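What follows is a single structure, written as C-alpha cells, with notes after it.
Values in this document were obtained by computation on a predicted structure and should not be read as measured data.
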Amino acid sequence: MSMNPINLAFRFLLEIAVLVALGYWGWVSGEGFWRWVLAAGLPILAGVLWGTFRVPEDPSSSGRAPIPVPGLIRLVLEIAILGLGALALFDAGIRWLGGLYAAGQILHYALSYDRIRWLLAR
C-alpha cells in the first residue's frame, strides 16, 4: 500500500506541509533577524535531514542513501520531523490545522504498514 500513487502523493503533501509549518512557526515565533533565520533555516534543516539520512534501497525514494541509517532510525526521524510540523502549528495558534495535520500523518502511517515493516526489518 505504501507504493500506491495516491499514498505517495499524500506523503509528498505531508512533506511539503511540514516545511511550510516549520517556516510559519519560525516566522511567528522569531523577532527581527531571528525571524528570518528561523523561517528559512528550520525548513532547510528539516529538508536536509530528510534527504540525507536514508535507508539504502528504500523503494519509496530513489534508493540512494547519502548517509545510510538503519530502518528504525529512519522511521523515528520521519515521525519526529512530521510530528514537529503538527507541534509547530499547535504552538503557532492554528490548533485545528495542527490536529488535521497530525491526523493526516497517522493515516499515512496506517496506510503504509508494509513500509513500516520493511523499515523495521532493515
Side-chain angles (χ1 to χ4, degrees):
M1 182 65 187
S2 64
M3 296 305 292
N4 183 299
I6 294 172
N7 195 27
L8 288 175
F10 186 48
R11 175 183 166 144
F12 178 71
L13 291 176
L14 287 172
E15 293 169 6
I16 296 300
V18 73
L19 300 177
V20 172
L22 291 174
Y24 179 75
W25 180 85
W27 185 259
V28 300
S29 297
E31 294 181 13
F33 171 74
W34 288 107
R35 168 179 278 184
W36 293 95
V37 171
L38 291 172
L42 289 175
I44 290 170
L45 178 62
V48 167
L49 291 173
W50 190 271
T52 302
F53 297 98
R54 311 289 300 189
V55 176
E57 301 174 16
D58 186 348
S60 70
S61 64
S62 66
R64 295 188 321 256
I67 297 179
V69 296
L72 177 62
I73 300 297
R74 176 60 191 191
L75 184 60
V76 168
L77 178 69
E78 286 182 13
I79 292 171
I81 290 175
L82 292 175
L84 283 175
L87 290 175
L89 292 169
F90 276 110
D91 191 56
I94 314 173
R95 287 176 166 57
W96 70 270
L97 190 55
L100 184 64
Y101 181 79
Q105 180 183 354
I106 291 167
L107 175 63
H108 164 69
Y109 280 108
L111 294 173
S112 301
Y113 59 89
D114 54 338
R115 182 167 183 273
I116 292 172
R117 268 197 316 229
W118 184 87
L119 285 172
L120 294 176
R122 296 291 185 259

What's the spacing between [X] [atom1] and [Y] [atom2] if we round to 0.5 Å?
X      : Y      : atom1 : atom2 : value
Arg115 : Leu8   : CZ    : CG    : 9.5 Å
Tyr24  : Leu42  : OH    : CG    : 14.5 Å
Leu38  : Glu31  : CG    : CD    : 11.0 Å
Phe10  : Leu111 : CZ    : CG    : 7.5 Å

A quick test of your reading: do over 12 heavy atoms of other residues, nucleotides or ligands sit less than 6.0 Å from CD1 of Ile6? no

Does a side-chain heavy-atom distance below 4.5 Å link Pro70 with Arg122? no

With a 4.5 Å heavy-atom cut-off, do Glu78 and Arg11 have their side chains touching? yes

Tell me the closest heavy-atom pair linking [X] and [Y], and the distance in Å.
X      : Y     : value
Ala65  : Pro68 : O-CD, 3.7 Å
Leu19  : Gly47 : CD2-N, 4.1 Å
Ile116 : Leu75 : CG2-CD2, 4.0 Å
Gly85  : Ala21 : O-CB, 3.7 Å
Asp91  : Ser29 : OD2-OG, 4.3 Å

Tell me whether [X] contacts the main-chain N or O of [Y] through its side chain, where contact means a donor paired with an acceptor under 3.5 Å.
X      : Y     : value
Arg74  : Trp50 : yes
Arg35  : Trp27 : yes
Tyr101 : Leu14 : yes

I'd like to know whether Phe53 forms a side-chain contact (heavy atoms from CB on, under 4.5 Å) with Leu49, so could you lay out the CA-CA distance, the side-chain angles of the two residues, the decisive distance to 0.1 Å, and finally the verdict. CA-CA 6 Å; Phe53 297 98; Leu49 291 173; 3.5 Å; yes

Please tell me whether [X] and [Y] are part of a single hydrophobic cluster in this structure, the criterion being side-chain heavy atoms less than 4.5 Å apart.
X      : Y      : result
Leu72  : Ile79  : yes
Val76  : Leu84  : yes
Ile81  : Leu13  : no
Leu100 : Val20  : no
Val18  : Leu107 : yes

Apply the test side-chain contact (heavy atoms from CB on, under 4.5 Å) to residues Trp25 and Leu89: give CA-CA distance (whole Å), side-chain angles for both, the deciding distance (0.1 Å), then the verdict. CA-CA 7 Å; Trp25 180 85; Leu89 292 169; over 6 Å; no

Pair Val55, Leu119 - check side-chain contact (heavy atoms from CB on, under 4.5 Å), show working. CA-CA 8 Å; Val55 176; Leu119 285 172; 3.7 Å; yes

Where do His108 and Asn7 land on the side-chain contact (heavy atoms from CB on, under 4.5 Å) test, with the steps shown first? CA-CA 7 Å; His108 164 69; Asn7 195 27; 3.1 Å; yes

